[in-house]
Every structure is written in structure tokens, then in C-alpha cells.
*Asks:* 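I have a structure here, written as C-alpha cells, and I will follow up with some questions on it.
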Amino acid sequence: MQMADTPYQMPDAQGHFGPYGGVFVAETLIPALDSLREAYAACQKDPAFMEEYRYELRHFVGRPSPIYHAQRWSELLGGAQIYLKREDLNHTGAHKINNCIGQALLARHMGKPRVIAETGAGQHGVATATVAARYGLECVVYMGSEDIRRQAANVYRMKLLGASVVPVESGSRTLKDALNEAMRDWVTNIHDTFYIIGTVAGPHPYPQMVRDFQKVIGEECLTQMPEMTGRQPDAVIACVGGGSNAMGIFYPYIPHADVRLIGVEAAGDGLDSGRHAASLSAGRPGVLHGNRTYLLQNEDGQIIETHSISAGLDYPGVGPEHAWLKDCSRAEYVGVTDAEALQAFHDLCRYEGIIPALESSHALAYAAKLAPTLGKDKVLLVNLSGRGDKDMHTVAEKSGIQF
Amino acid sequence: MPLMHALVDGGADIIELGVPFSDPMADGPTIQRASERALAAGMSLRKVLALVEAFRKTNTTTPVVLMGYANPIEAMGAEAFVAAAAAVGVDGVLVVDYPPQECVAFAGIAKSAGIDPIFLLAPTSLESRFDDVAKAGSGYIYYVSLKGVTGSAKLDLDEVAQRIPLIRERVGMPVGVGFGIRDAETAKAVGAVADAVVIGSRIIEEIEHAGPDAAVARVTAFLRSIREALDSLGEPRS
């Protein structure tokens, strides 16, 4: 395909990844996005800004995160060797902080004293509240009331960090509705507010900017994997909701054509059940939240309610770059059910002593399916995007246990 | 449909008919609730078009502009939508999340079918945007009179008075002003500088408070008060 002859250069100047991405917002937001794009472009080229970003990643987040060989689990599965990129060891317990540091520095650079965010599982909300406290910014986090119920511990964390958490009661009361509400706040308070979007979706420049602030994950892997195994992995596997941890680890591997990139979506009760959140596997292209991408929608173009055991994957859209990588076949996208993800969650706890996030458990579950089909000399790299402490209640509930 | 006729009876010159969407990002709580109610009752883009068709059986003169979001149109297909809209007598279409640079093809299809693509301008819009909407749009410009979502409270009249003549001159189209017009007083103040006032959330509030039986009477009465206020300004500007 075209990427073999020309280097991968996405998005274009208007934020398009082929037919996807773009800026599909009301006129009221256009000037804010224009000035964000300009500020981001300037900061990218500013050595002092980038040096501060890297310093914060090293000293505040704890990067580089290690890669861990899940030897026992690999042996039990009886095939390829599974390696885990330990984003769960980051400060705040997930990859989300990488992006929040970048955007908070940008907010400060642009002179915005107030940051807002949407959150699903609460990881991005916690990361945003954390950086807001770190840089002395006022912080408001929008969260669906259904997610607030599922993620009570993270809600309390955000409050401890000084953020206000605003419950969103509209629509399905989950991530997509929180995003709508955050957009409404932003359009009303543009003069003093920076909107920290947590995933590689939304209007340009967000998909590109969030990817760029997350690509440190894959860049570290490019160095770490040869040090540990003498080569790059055969496949890189990551879960995909909006898709920021996946873009972060995939992006630096895109030019490495012999490395398979596998995105794992939430198949919920199964792709045939209608209760899932697999927009790339089961959706159609459309326009939502400022970009064109694959969406779960009915035949009238209304967005449908999604389901996943993991709040962080419970989203009817997906970042536009994933839509593009799917269409041009550079990445493959598969589905993993709630039950399969739960099994992988328990297996990693028992065999490796690591409690993974339910989101990341989807990627682990696919690795567990794939590994036995491959030889023992093959190497799978899984992005362990977050830790599972926040999921205690969900998992206990599934097992019929009450605290 | 009785409500559409009520709007005309109350003195509306143009009807902007909302197409409900599950995720109305640019709208405030009032229109959002209206959207949710409409969807729960089975409303869809196709049914909105059928509504216009029924309205046209007795009213062939009042312009009807459809206002909504891109995804229902894209799900139907831009060409199929424009053809159906033209066939039932739609005069314009305002797609909130289609800024000019993202809908060159769509605006072209609409124009060639005789449907005006209406665009928004905002207080924060740079003057370079005026040229973009002048090129892509036709019919009129919808000036969003304040920062925020539909139904918000604050309205900066001085700002509106300053910007409207400038926009009218640059885009060569009439300018309607909306967002935040709540009563005869604000309508009159805005009407003194704008070519039209656009009222949405406030009418929906009347409908919400009145309930199904009294809605027609309440909406007609509310609009009459606006009409009288605007008419007291004298002759409409040419």
C-alpha cells in the first residue's frame, strides 16, 4: 500500500487521516481550536517546553516504565512469549498521565487557569486532577452518573486532589455524555478554560496531540524490546476504547512493517449480542464529537448505547487514526468479551502477581488467545495500560462478593 | 405539525425545524431534553421530512430550514437527504457541526438542489471566517449572539450591534441573530440591528410548560408578543 513507498505522515494540516478526523464542531469552538493548534505547534518546536515535558515524565510520572516478561503465564499458555509494557506503574496508575502532563503544560503556556476533562473509568479524570493540583490549576471533571456509581474510588481520588466532579445525567450517563457536557462547558468558558481531552478523538488537533503525548510508550518499547529480547516483537497488542494507549504504543511501530499491530475492542456480551462497544468491528463511519470515524449507530444515524464491563472502553466511537489504520490494513482490530477479559484479569492476578485494569485485560485476553497458536520463539508485546485497583468493586460484584 | 402552523399564526417569518440527535453537543439542556423526548417518541430525520411534506400541503410559502447535526444526514447519505428535502419543500439546512471547510461537497449538493446551506458565525469568529461562510453559504447567516450553548442567559447587545453591520457587509447576506433571545424586550433590541431574530429554547420552554393540549395556544401567544415588539420597530430593513 501507499505506506510502503512514502513515510507515514498523518494527519494532514487540517487534521484528516484519510477520510477520518477533521474539525466537526459548531462555529463557536473554531477560534478556540485554531488557537490551540497554533499553541501546540509552537510548543512542539520549543526545546524548553519539550524538555520540561520530558523532565516531568521522568520525575513526576516515573518513566520510563519497565517491560516485564510474563514468563509463568507464557509457559502456562504454551506458545509465544508475552511481554508487558508496564504503564500500570506510572504515577496515578495508568498511561493517561502522559497526555495530561503535556496538555497541562500547554494550558499553562496559553495562560488558562482552569482545566476541564471528561472521564469514563475515572483514570483520565484522576490524571487531570493530579496535574491540575501539580500546576495549581482549577479543575472540573465531567463524569456520567452511571460511571460514578461504577468507579466510586476514583471519584473520591479526584475530590482529594481538589477537583470538582460533575455528574452527567443525560443520555446513557457514560463517557460520551460526559464528553458532550465538557464540550458545552468549554464553549461557554473558552476565555479561561483549557479542555484536556483524554483520548485520541475529538476535533483536530486533539487526536494528533494526544497521540504525540502518548507516543513515548512506543518509543520506549522500541529501545527496551531489543535490549530484552534482541529484537522487536512480532505483534503489539493494546485495548481500544477511544484508543489513546493503543495509539501511544502503535505509532512508533507503524514504520516497522513486520510488527503486527492488534487493537482489541470491547465485545461486551459478544459482537452478535448488540451489547458491546466495538465501533471498528461492528460500526459504520459517521460524525460525532468533532471528528469523522467509525461509530456505533442505528440506521437513522443516532448514536446507540454501548456496553462493556470496563467503563474506559464503553464508548461508541474511536479515534480517527485507528479508523484509518484499519482501512489501510496497517492494524488489525478484534473483539474480546467481558467474560474473556475477566478470565485474563484473574489469570494475571494469580500467575503473575499483577492486578490489571479491566480495560487492559481485554488486550491480555487476546494475547492469551493468540499466544498458543504461535511458536515459543515468537514475542507478543501487550500494553498493560493501567492497574486494576479501581476495578475491585466491579470484579467482586461479578463474583458475587460484597465488601 | 399544528405547532408549525401555530408559529406561522404567531408571526414567524421562517421556521427552523430541529432534527433530533442523540448527542446534541452545541445545545443546552432545553433543546437536549426536547431531542431526547423526540427520539424516545420515534422521531427521525425521515419523519421530520415527512412532517415538512405534511406542512406544505397547507402552507407553501413560509420557508422551512432544517437544523441539526451531521450524523443523521450522513447515515441517510448526503445526496439522498438533499433530494428528499428538496422534494418535500425544505428551503435551507443548518448543520451545526459542519463548519464550511468540512462540507464543501455537501454545501454544493444542497445549493444545486435549491436548498440554502446556512452557516453560523460567533462573537469569537475571526474576520477571515466571514469569507469562508460567504463562499460556502447562501440564504442567511445565523449569528450566535453569545458564547455558550443554546438557551443560555447572557446576551451582549453592544457586541451584537457592533458586529452585525460588519458581517452583513462582508457576507452580502441577511443576518439572523439567535442564542439568548428570551422575550419581547431582547427580541426588540436585537431586531433593531439584525435582519431576523432566531428563537429556539424559549419556544420549547413554552411547549414544555404548557403540555400537549395547551402548547399551540401558548406558542402562538408567545410569538405574538415577539412579533408585536419587532413590528413596533417599523419597516423591516431591506
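Just so it is clear, the model here is predicted, and its values are computed rather than measured. Convention: sequence-line order gives letters A, B, ...; per-chain numbering from 1.
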*Asks:* Using non-hydrogen atoms and a 4.5 Å limit, figure out which bit of B/Arg129 sits close to chain A: side chain, backbone, both or neither.
*Replies:*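 Side chain only.
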
*Asks:* With a 4.5 angstrom heavy-atom cut-off, which part of B/Pro24 approaches chain A: side chain, backbone, both or neither?
*Replies:*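 Its backbone and side chain both get close to chain A.
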
*Asks:* Verify, without hydrogens or angle tests, whether A/Arg184 (side chain) and B/Asp27 (backbone) share a donor-acceptor contact under 3.5 angstrom.
*Replies:*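 Present.
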
*Asks:* What residues form a ring pair (Phe, Tyr, Trp, His ring centres under 6.0 Å) with A/Tyr142, not counting sequence neighbours?
*Replies:*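 None.
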
*Asks:* Which value, rounded to the nearest 0.5 Å, describes the distance between A/His191 atom NE2 and B/Thr124 atom OG1?
*Replies:*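 Atom-to-atom, A/His191:NE2 and B/Thr124:OG1 are 12.5 Å apart.
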
*Asks:* Looking at A/Gln297 and B/Asn71, what are the two nearest heavy atoms and their distance?
*Replies:*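 Scanning both residues completely, I find the closest heavy atoms to be OE1-ND2, 2.9 Å.
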
*Asks:* Can you tell which part of A/Ile30 gets under 4.5 Å to a heavy atom of chain B, answering side chain, backbone, both or neither?
*Replies:*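 A/Ile30 touches chain B through side-chain heavy atoms alone.
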
*Asks:* With a 4.5 angstrom heavy-atom cut-off, is it the side chain or the backbone of A/His16 that approaches chain B, or both, or neither?
*Replies:*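 For A/His16, the contact with chain B is made by the side chain alone.
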
*Asks:* Please test B/Asp23 against A/Asn180 for side-chain contact (heavy atoms from CB on, under 4.5 Å), starting from the C-alpha separation and ending with a verdict.
*Replies:* CA-CA 7 Å; B/Asp23 294 79; A/Asn180 291 336; 2.9 Å; yes

*Asks:* For the interface with chain B, which of A/Asp177, A/Val287, A/Leu288 has the highest count of heavy-atom pairs at distances below 4.5 Å?
*Replies:*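 Max contact count across the listed options: A/Val287.
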
*Asks:* Relative to chain A, which of B/Ser22, B/Ser125, B/Cys103 shows the most heavy atom pairs under 4.5 Å?
*Replies:*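 Between B/Ser22, B/Ser125, B/Cys103, the count favours B/Ser22.
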
*Asks:* Name the region of A/Gln302, side chain, backbone, both or neither, that has any atom closer than 4.5 Å to a heavy atom of chain B.
*Replies:*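 Both backbone and side chain.
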
*Asks:* Could you tell me if the side chain of B/Val144 sits less than 4.5 Å from the side chain of A/Thr28, heavy atoms only?
*Replies:*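 In short, these two side chains touch, coming nearer than 4.5 Å.
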
*Asks:* Just wondering, more than 12 heavy atoms not from B/Gln162 lying within 6.0 Å of its CD?
*Replies:*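 Result for CD/B/Gln162: open.
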
*Asks:* Keeping the roles fixed (side chain from B/Glu102, backbone from A/Val23), state whether a donor-acceptor pair exists under 3.5 Å.
*Replies:*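 Indeed, once roles are kept as given, a pair shorter than 3.5 Å links the two residues.
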
*Asks:* Which pair of non-hydrogen atoms, one from A/Glu27 and one from B/Leu121, has the smallest distance, and what is that distance?
*Replies:*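 Minimum heavy-atom separation between A/Glu27 and B/Leu121: CG-CA, 3.7 Å.
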
*Asks:* Checking side chain to side chain donor-acceptor pair (under 3.5 Å) for the pair B/Glu36/A/Ser170: CA distance, chi angles, key distance, verdict?
*Replies:* CA-CA 9 Å; B/Glu36 286 180 7; A/Ser170 58; 4.8 Å; no

*Asks:* Can you pull the ring pair (Phe, Tyr, Trp, His ring centres under 6.0 Å) pairs that have at least one residue in residues 101-132 of chain B, sequence neighbours excluded?
*Replies:*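 Every ring pair (Phe, Tyr, Trp, His ring centres under 6.0 Å) pair that includes a residue of residues 101-132 of chain B, provided the two are not neighbours, is B/Tyr98-B/Phe106.
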
*Asks:* Looking at B/Gln101, I want to see if its CD is surrounded by more than 12 non-hydrogen atoms of other residues, nucleotides or ligands under 6.0 Å.
*Replies:*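 Enclosed.
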
*Asks:* A/Leu295 versus chain B, heavy atoms under 4.5 Å apart: side chain, backbone, both or neither?
*Replies:*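 Only the side chain of A/Leu295 comes within 4.5 Å of chain B.
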
*Asks:* Distance-only criterion, 3.5 Å: show the donor-acceptor pairs between side-chain atoms of residues 37-49 of chain B and protein atoms not counting sequence neighbours.
*Replies:*
{"residue": "B/Arg37", "atom": "NH1", "partner": "B/Glu208", "partner atom": "OE2", "Å": "2.8"}
{"residue": "B/Ser44", "atom": "OG", "partner": "B/Lys47", "partner atom": "N", "Å": "3.2"}
{"residue": "B/Lys47", "atom": "NZ", "partner": "B/Gly42", "partner atom": "O", "Å": "3.0"}

*Asks:* With a 4.5 Å cut-off on heavy-atom pairs, point out which of B/Ala70, B/Pro99, B/Pro100 contacts chain A the most.
*Replies:*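 Of the options given, most contacts go to B/Pro99.
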
*Asks:* For chain A, which residues from residues 73-83 of chain B have at least one heavy atom closer than 4.5 Å to it?
*Replies:*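 The list, in residue order, reads B/Glu74, B/Ala75.
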
